[in-house]
Amino acid sequence: MRFTKIVPVILIAVALFSCQTGSKKAEVIKLDAASLEKSWTQNSVSSTSDGFLFENQASMIASKFQVRNFEINAKLKTTLGAEGAIVFSVADVATPDKGYMVKINNSDYREGNPQKTGSLSRIRNNFVRTANNDEWFILNISVVGNHIKVAVNNKTVSEYNQPANPVRPTEIAGCLLSKGFITIRKTNGEGKLLVAEMSVTNMENLVKSDKVVTAEPDSLMKVVDLLNFQEFPLIDFHCHLKGGLTMDQACQHARDNGYNYGVAANCGLKFPVTNDSTLNAYLDGISKEPVFKAMQCEGREWVTLFSPAAVARFDYIFTDAMTWTDLKGRRMRLWMPDETFVEDDQKFMDMLVGKIEAILGNEPVDIHVNPTFLPAKLAPDYDKLWTPERMDRVIKVLKNNDVALEINARYKIPSIAFLKRAKAGGVKFTFGTNNGSNNDLGRIEYCLKAVNEVGLTSSDMFLPRPAKDKKVMKSGLPSKITG
Ligand SMILES: [Zn+2]
């Protein structure tokens, strides 16, 4: 199921590059006071002791030289509100957006452009914050043959292989690799963009780009490409580093398949993260990774184990309704057949819906995951048991508590009928896999099917709340465990 076709292309590109480097030297063109006149043109940019300052929408520096294979290294800083871009493969600097655009934007979630620093805009969008305002960061962009790679602070954020016959809608018709100019610009009127250092290493003589052949996208990848063009937030918010899956492998899988990941820690009684100190240690350990950081709230006891301030450090938190205690006091885990007791199908369903209402009404979570999951005994009757009345009760509690609904790729739930009803009810959605290891990551096929069949658009999709709007900080944590 994994998209592995492009891996050989990367290897070819790297091999071509490395076998040539011994004999020839790359040319390095700096952007500094000494080279400004000779190699660059500038408009509305001032020189300061901190570097070149871009303050308004007309601020731009463009190269006088053209490159095809290169590496850009830039040391940058933004202040609140500033958005900018580095564009390459630009045919004419009079139209500086016609090329491949890499976004510079460190705004909080739901503020400014949803694409954040390192996004290869409308080709491989990045929605994860990778740098902060008022802090220097390093942006690295390389083009070797048909392989484009963007890294922020030495972490690869976006990666793309341009196929032999790339399809481009008219809005980004110029988004094609060519020997072109490089521009660095401010793209809005707010804040400041500072460029302390920038250099372009021309690798023209080192790479035979015409020898690099890239596989054509398969049918699923064409859907992913189209949604990237539309800036649709393709994010799997429910990935676990379980069963040997490493952070680097997860990030590579996301890049290979054209979406972003949110990586979740399981937090609760008898889980690795059980209190503020283990929570803080976990988050500090992954703070530089280019993924959303998520908390999966386990069991119902989690509300008593952590402080709101610690919980609010996560980008978002979520829970499911698969662990609860029934009327006879039996703690059930619905995915474990020998821990689940179903004596009467209808009564069980009513109890389940009641539990979902209680959990989502009581716990300040952002997303309801593994939704509508039924124990193995009931799963064959899913469509009959999830009656319109029961669906509407779940949709109502989601809407009333501003909780997004996960479209689960692994279990293929909720049903399309449920999702259509939820969209009509004004609910927001997320994608999630809930993988158990590195063997069941998949390619979010069911989520993409749902986008098509339910007619989901960007505005139907959840994005994490900004720091000032964290639910847990507004409501606190309930003092009582959900019964
Ligand atoms: Zn999970």
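Remember, it's 1-based here, ligands and their atoms both numbered in the order they're listed.
- For Asn266, every N, O or S atom stays at 2.8 Å or more from the Zn ion (ligand 1).
- Residue His238 approaches the Zn ion (ligand 1) most closely through its N/O/S atom NE2.
- Open room surrounds CG on Asn154; 12 or fewer heavy atoms of other groups in view lie less than 6.0 Å from it.
- Contact annotation: Gln296 places an N, O or S atom under 2.8 Å from the Zn ion (ligand 1).
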Cut-off 3.5 Å, no hydrogens considered: what does the side-chain donor-acceptor table look like for residues 376-385, sequence neighbours left out?
residue : atom : partner : partner atom : Å
Tyr382  : OH   : Thr372  : OG1          : 2.5
Tyr382  : OH   : Ser415  : N            : 3.1

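- Minimum interatomic distance between Gln162 and Leu177 (heavy atoms only, all atoms of both residues): OE1-N, 2.9 Å.
- The only member of Phe318, Tyr411, Phe462 that meets ring pair (Phe, Tyr, Trp, His ring centres under 6.0 Å) when paired with His238 is Phe318.
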